[in-house]
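One structure is given below, encoded as structure tokens.
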There are 2 protein chains.
Amino acid sequence: MAMPKKTKNTKKTSPALQERSSRKTIIDVAKCAGVHWSTVSRGLNPEKRHLISPEMIERVEACAKKLGYRANAMASALRTQRSRTVGVIVSNLGDPVHPPIVRAIEDRFAEIGYVTIVGNTDNHPLRQAALIDRFIQQGVEGLIVATFERNDPGIAACVEANIPVVAVFRDPESEFIPSVRVDDAKAMELAVHHLAECGHRQIAHVGGPQNVSTGYHRYRGFRRACKVLAQDGVAPTAVFGEAFTVEEGEFACERLLTENPNITAIVAGNDMLAVGCLRHLRNKGISCPGNISLVGMNDMLFMDAIAPALTTISTPTAELGTQASHILIAMIKGTPVQNDRIVLKPVLLARDSVATIKLPTKARSSGFPDAAKGEVRIQRRQS
Amino acid sequence: MAMPKKTKNTKKTSPALQERSSRKTIIDVAKCAGVHWSTVSRGLNPEKRHLISPEMIERVEACAKKLGYRANAMASALRTQRSRTVGVIVSNLGDPVHPPIVRAIEDRFAEIGYVTIVGNTDNHPLRQAALIDRFIQQGVEGLIVATFERNDPGIAACVEANIPVVAVFRDPESEFIPSVRVDDAKAMELAVHHLAECGHRQIAHVGGPQNVSTGYHRYRGFRRACKVLAQDGVAPTAVFGEAFTVEEGEFACERLLTENPNITAIVAGNDMLAVGCLRHLRNKGISCPGNISLVGMNDMLFMDAIAPALTTISTPTAELGTQASHILIAMIKGTPVQNDRIVLKPVLLARDSVATIKLPTKARSSGFPDAAKGEVRIQRRQS
DNA sequence: CATTCCCGTGCACACGTTTGTCAAGAAACT
DNA sequence: AGTTTCTTGACAAACGTGTGCACGGGAATG
């Protein structure tokens with residue numbers, strides 16, 4: 001019998017109401033200053049402060065500080081219909097791609113006095129829908145969503161509720177909402193060209209789910225790059241994981257190698273899948289990059305410290321969050337946004353997981369476009 | 001001149017008010033169902049639903065669904081003084097220790113219909129104070145804080161505001177608030193004993209800031225363990241970083257090795273510092289574990305994938321978040337909490353960053369306590 | 001001195017909900 | 001039939017703040 005001991009004495013009638021009674025209101029401040037509370041309201045509000053005489057402002061502020069007055073954000077929000085709150089929805093905070101994005105968003109909104117509420121969907125459409133619903137109910141002024149699938153029905157719910165939304169990371173390719181993403185296709189092209197320049201011809205893709213833009217465009221970029229290089233003998237192969245996880249990468253890599261034992265390089269859909277590939281290769285005693293080269297994507301934390309240091313495509317995650325925040329802030333303010341379809345440029349970080357293959361000179365011929373300035377950066381380990 | 005184009009037509013008078021006018025209220029539902037709005041309120045509230053006839057409930061719910069009614073959480077919160085909101089404060093979401101904690105908290109509170117707001121302090125006391133203030137103002141029903149220093153003055157602000165707080169990860173050792181942490185001292189003892197069993201005698205500590213419980217207790221645990229083993233010739237040394245970062249680990253390791261070139265093993269204050277040590281060792285061409293062994297702490301993501309796979313002490317981060325949530329939920333409900341000082345057990349994960357040193361047999365003598373069951377787990381890499 | 005104007009302050013209503021109270025009606029009992 | 005009990009729904013008062021409007025007084029002007 002887990003019977004509450006002390007709570008029994010609090011009367012049945014709305015315990016919360018008297019519990020919080022210590023909190024000072026605008027009326028307490030007014031009483032202290034000997035003025036009407038509307039004067040206090042104006043004196044404490046920077047936008048209306050000019051209506052009040054300076055000495056009155058000082059008196060009000062002194063009383064407010066003395067009483068430890070804190071404005072009740074709920075009451076204010078109810079009155080003004082502005083909650084100073086934004087929502088961020090990710091699939092899983094435990095995935096290292098997301099925290100930097102959320103962090104950047106929180107920073108941007110903290111600067112303008114907004115608080116950030118977060119939610120995880122684990123890629124369940126129902127959880128996403130429930131989350132959006134809950135956040136709107138909570139009164140968020142805007143939403144930044146990193147989980148939209150292509151043509152996601154959740155978007156309709158948001159525009160119907162007339163609430164600003166911007167998609168980040170994954171681009172639902174909806175005409176109704178802005179988006180901020182990295183050029184996923186371009187990223188895979190960088191990877192394929194890099195491998196081709198290193199002499200690889202049998203290149204495979206370990207991709208992610210195709211129902212989200214990241215997985216889809218990375219695969220398309222991979223195919224496009226392979227097609228461009230087809231004359232040089234580059235032949236594409238692809239397998240897909242059900243999710244962007246280490247485990248799925250491991251399984252997918254196993255399937256890939258049993259069906260195509262002759263490939264020399266893998267372009268993974270992201271670093272999680274790449275780490276999965278690495279794990280499978282290690283388990284099978286296959287050397288990377290000795291036998292098989294590997295390229296990841298996103299440059300998650302510590303990808304330069306794993307063995308071998310992973311060659312990967314850097315995604316400016318913090319910048320994604322910042323740009324998305326800028327757009328959302330503009331939407332909330334009602335300012336027209338100039339560019340509501342932002343695509344950031346990926347950069348290839350050449351580290352240790354790609355080996356160079358010697359080719360007969362005749363095969364080294366044709367037109368691999370020189371990597372454009374800034375698109376490739378060498379980060380070989382010194383040792 | 002970035003002049004708004006479309007917003008100009010919305011009258012100057014409180015644009016927000018009419019913008020959101022599409023949102024349905026309880027009154028709309030009442031009108032639709034042809035009843036008084038108080039009836040709607042009760043019909044939609046599970047706790048008061050028994051006061052209303054079943055067919056009336058059905059009618060109300062049908063209208064609510066037809067109109068797409070969503071309760072206004074701000075109005076509800078204002079009336080009931082319960083915002084269904086909790087705040088989580090961490091130093092930096094970008095630090096891989098924190099996301100699993102936040103994730104677990106969000107999960108627990110989502111289950112009971114609460115939303116979670118997050119904030120980062122970057123270890124600035126002022127930012128922490130501002131954040132706590134802002135969150136209280138926002139009306140959070142409770143706070144979970146991972147940034148409290150020992151005897152943190154921020155605690156006073158919370159108890160003064162009469163708002164439930166629980167400390168997680170870092171324990172401020174305050175009598176006023178509950179805390180959930182891992183046994184940091186014990187963790188370091190495990191590390192030292194493990195190294196001693198492997199034959200190490202010149203063991204050093206690369207610690208973190210001593211003003212937070214984690215850094216402090218880990219250092220104390222390290223010293224205690226060394227003292228116990230002093231008869232066997234274990235001699236402690238220690239240097240400290242200014243923060244738990246890779247860079248600080250690198251600098252600290254450099255200082256350590258210039259002053260004490262004869263040490264054979266390092267116990268790092270956490271994995272970040274350990275990775276920093278690793279980086280310095282690599283830059284200096286010192287082999288790990290060949291020349292120097294290394295133990296980290298927390299078992300952050302990918303610590304098993306770096307080179308060498310890091311022997312470290314596992315911290316059950318998700319469990320920390322879950323336990324803290326349980327306590328906070330109990331406090332919010334007014335249920336007495338049975339155990340408000342939870343200390344979880346760390347486990348040593350033996351991987352590849354610790355080498356075994358051959359000792360003259362006479363030195364292998366005395367009483368290294370056998371590792372208690374479950375405290376040490378072997379995770380050697382197979383290759 | 002009378003009039004106009006402006007600045008600072010007070011008043012009262014509204015934001016959307018929850019909930020104690022109460023009246024009206026039905027059912028049950030004496 | 002009269003009285004009590006119970007059910008059901010309506011009423012209105014908050015919760016704490018923002019803001020349009022009105023009013024009063026002092027300064028400026030004719």
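Each chain gets a letter, A, B and so on, in the order its sequence line appears, and its residues count up from 1.
- Interface residues of residues 68-77 of chain B facing DNA chain D, ordered by number: none; criterion, heavy-atom separation under 4.0 Å.
- Checking side-chain atoms of B/T80 against main-chain N and O of B/S76 turns up a donor-acceptor pair under 3.5 Å.
- D/dA14 atom P lies 19 Å from atom CD1 of B/I26, rounded to whole Å.
- Under the side-chain contact (heavy atoms from CB on, under 4.5 Å) rule, B/L143 has a single partner from B/V88, B/V166, B/I132, B/L131, which is B/I132.
- Judged by distance alone, with hydrogens and angles left aside, the side-chain atoms of B/D171 form a donor-acceptor pair with the main-chain N or O of B/E173 at under 3.5 Å.
- Looking only at atom types and distance, the side chain of A/Q128 has a donor-acceptor partner in the side chain of A/T147 under 3.5 Å away.
- A heavy atom lying under 4.0 Å from DNA chain C marks none of the residues of residues 131-138 of chain A.
- By the neighbour-count criterion of 12 heavy atoms within 6.0 Å, atom CD of A/E47 is sparsely surrounded, having that number or fewer from other residues, nucleotides or ligands.
- Under the 3.5 Å distance criterion, with hydrogens and angles disregarded, no donor-acceptor pair is assigned to the side chains of B/N72 and B/R23.
- The closest donor-acceptor contact from the side chain of B/R134 to the backbone of A/G113 lies under 3.5 Å.
- Between A/M56 atom CE and C/dC7 atom P there is a gap of 17 Å when expressed in whole angstrom units.
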- Query: Which dot-bracket string describes DNA chain C (Watson-Crick N1-N3 plus N6-O4 or O6-N4, or G-U N1-O2 and O6-N3, all under 3.5 Å; [ ] crossing; | other strand)?
  - Reply: ||||||||||||||||||||||||||||||
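- Contacts with DNA chain C (heavy atom under 4.0 Å) in residues 59-67 of chain A: none are found.
- Distance B/R82 CZ to C/dT17 C1': 15 Å, rounded to the nearest Å.
- With no hydrogens or angles considered, no side-chain donor-acceptor pair links A/S83 and B/Q138 at under 3.5 Å.
- The separation between B/I57 atom CD1 and D/dT7 atom P is 14 Å, rounded to whole Å.
- Of the inter-residue distances, the one linking A/S91 atom OG with A/H124 atom NE2 reads 11.0 Å to the nearest 0.5 angstrom.
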- Test log, rule salt bridge (charged side-chain N to carboxylate O under 4.0 Å, His left out), inputs B/E61 and B/R49: CA-CA 11 Å; B/E61 279 183 338; B/R49 188 169 290 176; 3.5 Å; yes
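- Between A/Y114 and A/F109, the ring planes lie tilted relative to each other; the angle falls in the 30° to 60° range.
- In this structure, A/L78 atom CG and D/dA14 atom P are separated by 17 Å, rounded to whole Å.
- When the side-chain nitrogen and oxygen atoms of B/Q81 are compared with OP1 and OP2 of D/dA14, none of them lie within a distance under 4.0 Å.
- For B/K24 and C/dG16, the NZ to C1' distance is 15 Å, given to the nearest whole Å.
- For A/I27 and C/dG10, the CD1 to P distance is 14 Å, given to the nearest whole Å.
- Using a 3.5 Å distance cut-off with no hydrogens or angles, the side chains of B/E149 and B/N123 do not pair a donor with an acceptor.
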- Message: Run A/D122 and B/R103 through salt bridge (charged side-chain N to carboxylate O under 4.0 Å, His left out) and show every step you take.
- Response: CA-CA 11 Å; A/D122 284 320; B/R103 175 64 153 97; 2.4 Å; yes
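- Contacts between residues 33-54 of chain A and DNA chain C, counted as heavy-atom distances below 4.0 Å, involve A/V35, A/H36, A/W37, A/S38, A/T39, A/R42, A/H50, A/L51, A/I52, A/S53.
- Across B/V168, B/V118, B/T121, B/N120, a single residue satisfies side-chain contact (heavy atoms from CB on, under 4.5 Å) together with B/I89, and that is B/T121.
- Take A/R70 and apply the salt bridge (charged side-chain N to carboxylate O under 4.0 Å, His left out) test, not counting sequence neighbours, and it matches B/D133.
- Counting all heavy atoms, side chain and backbone alike, B/E141 lies closest to B/I332 at OE1-CG2, 3.3 Å.
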